[in-house]
Amino acid sequence: MADVFSGIQPSGDIHLGNYLGALRNWVAAQDTEDCVYCIVDLHAITVAKEPEALLDGTRKAAAALIAVGLDPARCTLFVQSHVHEHAELSWMLQCITGMGELRRMTQFKDKSSRLDDGTDHVPVGLFTYPVLQAADIVLYDAAKVPVGDDQRQHIELTRDVAQRFNSRFGDTFVVPEHVIPPVAARIMDLQDPASKMSKSAGSDNGLILLFEEPSSIAKKLKRAVTDSDSEVRYDPDGKPGVSNLLEILAAVSGTTPGDEAGKYERYGDLKTAAADAVVELVSPMQERYAELVADPAELDRLLATGAHKARAVAAVTVDRARRAMGFLPAG
Ligand code: AQP
């Protein structure tokens, strides 16, 4: 049984939004709680993926998670497809989830509208993946799920499905709570501060990858869209670009956006401070990442150990769910 569960897709390089919204809280939690962290490769195939990109992306995601501070000796770090119980429990939960519930998911609406070319090629998996996510979470009996704000609706769905299962089949799953950070819960695109920073939307200039060149990171922050006013003030609705920079700086510095706003008179100074802080944050991570990706055999070994630990817990939960639903135990 775990205290904390969360996951990340191996779908390209990790960005600053992933780190500030979720990963830094994963790292903090491993010191005090029993944490299970999953590289959700089954989620990554909900959009078309070349096999080499999936393979390479999965190892790179493992290297990235360790480079930002996860320690496989202090948490359970594994790859979702290595533990087949995720797919099995997902099927059981799909059978008690309504189409209408899934149609309301805003991530499905966003992603499917970007994919839909009028030829009916929106994958069914993209529609049902929030149920797989629910299975991921309840498998480990985790009470807390640290995520960015974009995942709020999916965790609500997880709670609804877990509660429904418990009331129909008897107490089987822990009903989890999301843990969303007070600062940097939704880092916005630097060029389009109305949209969240994301790998699959927006322009390259709006996205900061943790492992890109420091000079490129600094350039993007210095070119971030602000507004035609000149006052440095934290006001996410009225000044979304400036407020995004203040959130980034506050999250990296361990302060608040309001405190940071009081320190700068000009947008240029705020941008320089944000650039310096982010480059200082990522530099040691980049060194560690380079060492880790150079040793794929060691990454595979760490992930195999993690899968072994995860499977021991997941198998017990699925067995409980099977019995609750009335499946005949295998002889
Ligand atoms: N912009 C963000 N601000 C704060 N937190 C964020 N997260 C994602 N974007 C932001 C959080 O990162 C964790 C991992 O999410 P994910 O596996 O959904 O990551 P992703 O799919 O790689 O995120 P993207 O870039 O947004 O991908 P697409 O475009 O494919 O959806 C989660 O806890 C998430 O909340």
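From a predicted model like this one, the values you see are computed outputs, not experimental measurements. Atoms within each ligand, like the ligands themselves, are counted from 1 in listed order. All heavy atoms count here, side chains included; hydrogens, waters and symmetry mates do not.
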Neighbour count >12 (heavy atoms, 6.0 Å) for atom [atom1], [X]:
X	atom1	answer
Arg74	CZ	yes
Lys144	NZ	no
Gln107	CD	yes
Lys263	NZ	yes

Ligand 1 contact on [X] by region, counting heavy-atom pairs under 4.0 Å:
X	value
Ser6	neither
Ala22	side chain
His43	neither
Gln9	both

What I want to know is whether [X] and ligand 1 share at least one N or O pair that is separated by under 3.5 angstrom.
X	result
Asp150	yes
Ala184	no
Ile187	yes
Gly17	yes

Look only at the side chain of Arg320 and the backbone of Thr172, and say whether a donor-acceptor pair between them is shorter than 3.5 Å.
->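 Such a contact is found between Arg320 side chain and Thr172 backbone.
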Looking only at atom types and distance, does a side-chain atom of Arg159 sit under 3.5 Å from a main-chain N or O of Pro176, one as donor and one as acceptor?
->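 Yes; at least one donor-acceptor contact below 3.5 Å.
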Candidate with minimal heavy-atom separation from [atom], of [options]:
atom	options	value
atom 26 (O) of ligand 1	Lys196, His15, Lys199	Lys196
atom 31 (O) of ligand 1	His154, Gln107, Lys111	Lys111
atom 23 (O) of ligand 1	Asn18, Val147, Asp13, Leu16	Asn18

Side-chain contact test, heavy atoms from C-beta onward, threshold under 4.5 Å: evaluate it for Glu212 versus Gln286 and give yes or no.
->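 Of all side-chain heavy-atom pairs linking Gln286 with Glu212, none is under 4.5 Å.
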Is there side-chain contact between Tyr19 and Ile187, with heavy atoms separated by less than 4.5 Å?
->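 When only atoms from C-beta onward are counted, Ile187 and Tyr19 do not touch, as no gap falls below 4.5 Å.
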Which of the numbered atoms in ligand 1 are under 4.0 angstrom from any heavy atom belonging to [X]?
X	result
Ile8	14 (C), 17 (O)
Gly148	5 (N), 33 (O), 34 (C), 35 (O)
Ala185	3 (N), 4 (C), 5 (N)
Gly21	4 (C), 5 (N)
Met197	1 (N), 2 (C), 9 (N)

Taking 4.0 angstrom as the limit, do Asp160 and Arg164 come out as a salt bridge?
->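 Result for this pair is no, no salt bridge flagged.
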Taking atom NE2 of His86 and atom NE2 of His43, what is their separation to the nearest 0.5 Å?
->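 Those atoms lie 8.5 Å apart.
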